[in-house]
There are 2 protein chains.
Amino acid sequence: MIDLDTLLADLRRRNPSARITAQRRLVLEALLSDIKGHHTCEDVTRMVQARGVTLDQSTVYRILQWLKAYGVVSQTDLGMGSDVYCLVAGEPHHHLICLACGAIIDVDDTIFASLRRTLKLAYRFDPRIEHFAIFGTCEKCKPHDDEDEHLNDMS
Amino acid sequence: MIDLDTLLADLRRRNPSARITAQRRLVLEALLSDIKGHHTCEDVTRMVQARGVTLDQSTVYRILQWLKAYGVVSQTDLGMGSDVYCLVAGEPHHHLICLACGAIIDVDDTIFASLRRTLKLAYRFDPRIEHFAIFGTCEKCKPHDDEDEHLNDMS
DNA sequence: ACTTCTATTGTAAGCATTTGCAACAGCAGA
DNA sequence: TCTGCTGTTGCAAATGCTTACAATAGAAGT
Ligand SMILES: [Mn+2]
Ligand SMILES: [Mn+2]
Ligand SMILES: [Zn+2]
Ligand SMILES: [Zn+2]
C-alpha cells in the first residue's frame with residue numbers, strides 16, 4: 001500500500017533541506033510493519049531496538065513529531081498514560097471512550113462529516129481530524145435518574 | 001451565577017464520602033474568581049498561594065481531576081505546554097488552532113450539534129464535549145497548490 | 001468534646017515528553 | 001572523493017503531570 005522509499009522521497013520533496021537518516025528510516029519501517037496499529041513512542045523505540053540498532057527514545061519522539069507535522073502520523077491521547085501514534089493512511093477511524101467503564105468504541109470518520117463541512121464553509125478552517133478520541137459515557141453506563149452521576153472519582 | 005457553597009454541597013450530595021477541605025474550597029474560589037478564564041494548574045496554585053496559604057501543586061492537580069470527574073471543570077490541551085482548566089458553566093465554547101501560524105479562533109458550541117446528535121442516536125454515547133481544541137490550518141495559512149504543505153516543521 | 005474511620009494532603013519519587021547542547025552525519029558542491 | 005554547511009542525533013537535564021506512602025484532618029457517631 002504505502003512504500004517506505006516513496007514516503008521518504010515525498011517528505012524530501014516537501015522540504016528539500018530535510019535529511020533521510022537511518023533513524024527516520026527505521027522509525028518509518030517500524031510503523032509500516034504494523035500499518036493499522038496504535039503505537040506508543042516506547043513501542044516504536046522497542047521495535048527498532050529489537051533489530052539490534054541503538055536509537056534514543058528522544059530521537060523517536062522528535063521523529064514522530066516531525067512525521068506528524070507533515071501529516072504522515074497522527075497523535076492521540078486515548079487516556080492510557082502515553083499518547084499513541086498511527087500512520088495516516090486510508091479512511092480515518094476514531095474512538096469513543098467511556099469514562100465510567102473504560103470501554104473503547106471504534107467509530108468511522110463519517111461522524112465528523114458535518115463538523116468538517118461547517119469548519120470548511122463557515123470558518124474556512126481545514127481541520128486535522130485524523131484519529132480523535134471522544135470521552136463520555138457509553139450506553140451501559142448511562143446514569144439513571146436516581147443514581148450518582150460522577151464518573152471515575154479520582155479519590 | 002455559580003455559588004461556591006452550592007457547588008460544594010452539590011459535590012457532597014453526589015458523593016457523601018467526599019470531604020470539603022480547605023484546599024478544595026480554595027481551588028474552587030480561585031476558579032470562580034475568573035469564571036471565564038483558561039487556567040493552568042500552575043495559575044490556580046499561584047492564585048491560591050498569593051493569598052498566603054500554602055498548597056502543594058500536586059494537590060491542585062488532584063483537585064482539578066476530581067472536579068473534572070464531576071463535570072465541574074474541563075481540561076483542554078491548547079498546544080501551549082500545559083493543559084488549561086475551565087469551569088463548566090453556561091454555553092460551552094471551543095477553539096480552532098492553526099498549526100501554521102498559531103492563531104486561536106473561538107467557536108461556539110453549535111459546530112458540534114450534529115456530532116452530538118449522531119453520537120447520541122447512533123451510538124447511544126453521551127459525549128463530554130465541553131471545551132475542545134481542533135488543530136488544523138486557518139484561512140490565511142491555506143497552502144496554495146505550488147507551495148510547501150508542511151506545518152511547523154519540528155526541525 | 002472525644003473517638004474513630006478513612007478521605008485527603010504534603011512530600012518525594014516516578015513517568016511521559018521536551019529541550020539545550022556538543023558531536024555527528026547527510027548531502028550539495030567542488 | 002573530499003569539504004563544508006547545517007540538519008539531526010544522543011545525552012543529560014528540565015518540564016508537566018501522576019502516584020506511593022505516611023501523616024493529617026473532615027465528619028459521623030458517641
Ligand atoms: Mn498529551
Ligand atoms: Mn485507533
Ligand atoms: Zn461504559
Ligand atoms: Zn493560520
When you compare the protein's N or O atoms with those of nucleotides 19-22 of chain D, which come within less than 3.5 Å of each other, and at what distance?
residue: D/dA20; atom: N6; partner: B/R62; partner atom: NH1; Å: 3.2

Do the side chain of B/K68 and the main chain of B/Y85 share a donor and acceptor less than 3.5 angstrom apart? no
Rounded to whole angstrom units, what separation is found between the CD atom of B/Q65 and the C1' atom of C/dT8? 16 Å
Distance check, rounded to the nearest 0.5 Å: A/D83 atom CG versus A/T76 atom OG1? 7.5 Å
For the helix from C/dA1-D/dT30 to C/dA30-D/dT1, what is the angle between the axes at its two ends, each from 5 pairs, rounded to 10°? 30°
Can you measure A/D56 atom CG to D/dA13 atom P for me and round it to whole angstrom units? 13 Å
Residue mapping more 5' on DNA chain D - nearest nucleotide basis, B/G81 or B/I20: B/G81
Heavy-atom check, side chain of B/I63 versus side chain of B/L26, under 4.5 Å: no
Just jot down the side chain to side chain contact (heavy atoms under 4.5 Å, CB included) partners of A/R12, sequence neighbours excluded, or say none. A/I20
Find the distance B/R24:CZ to D/dT24:C1' and express it as a whole number of Å. 14 Å
Counting only side-chain nitrogens and oxygens, does B/Q23 get under 4.0 Å of the OP1 or OP2 atom of C/dG10? yes
Are B/F112 and B/I104 linked, directly or through intermediate hydrophobic residues, by side-chain heavy-atom contacts shorter than 4.5 Å (ILVMFWY only)? no
Determine whether a donor-acceptor pair (N or O, by modelled atom type, separation under 3.5 Å) exists between the side chain of A/K142 and the backbone of B/R124. yes
Without swapping roles, check the side chain of B/R24 against the backbone of B/L8 for a donor-acceptor pair under 3.5 Å. no
Atom-pair distance (CE on A/M80; P on C/dT17), nearest Å: 13 Å
Contact under 4.0 Å: A/R19 side-chain N or O vs D/dT6 OP1/OP2: no
Going by atom types only, do A/H93 and A/D109 share a side-chain donor-acceptor pair under 3.5 Å? no
Expected rows: protein N/O vs nucleotides 28-30 of chain C N/O, under 3.5 Å:
residue: C/dA28; atom: OP1; partner: A/R12; partner atom: NH1; Å: 3.1
residue: C/dA28; atom: OP1; partner: A/R12; partner atom: NH2; Å: 2.9

Can you tell me how far C1' of D/dA25 sits from CD1 of B/I63, to the nearest Å? 14 Å
Quick one: B/R13 CZ to D/dA27 C1', roughly how many Å, whole number? 19 Å
More 5' along DNA chain D: B/A22 or B/D83, using each one's nearest nucleotide? B/D83
What is the distance, rounded to the nearest whole Å, between atom CG of B/N15 and atom P of D/dA28? 12 Å
Are the side chain of B/Q23 and the backbone N or O of B/V60 linked by a donor-acceptor pair below 3.5 Å? no
No-hydrogen, no-angle side-chain donor-acceptor test under 3.5 Å, B/H94 and B/H131: no
Atom pair distance, as rounded to whole Å: CD in A/Q57 and P in D/dA13: 17 Å
Keeping to residues at least two apart or across chains, list the salt bridge (charged side-chain N to carboxylate O under 4.0 Å, His left out) pairs with something in residues 49-60 of chain A. A/E29-A/R51
Sorted by chain and residue number, the side chain to side chain contact (heavy atoms under 4.5 Å, CB included) partners of A/R13 (sequence neighbours excluded) come out as A/D10
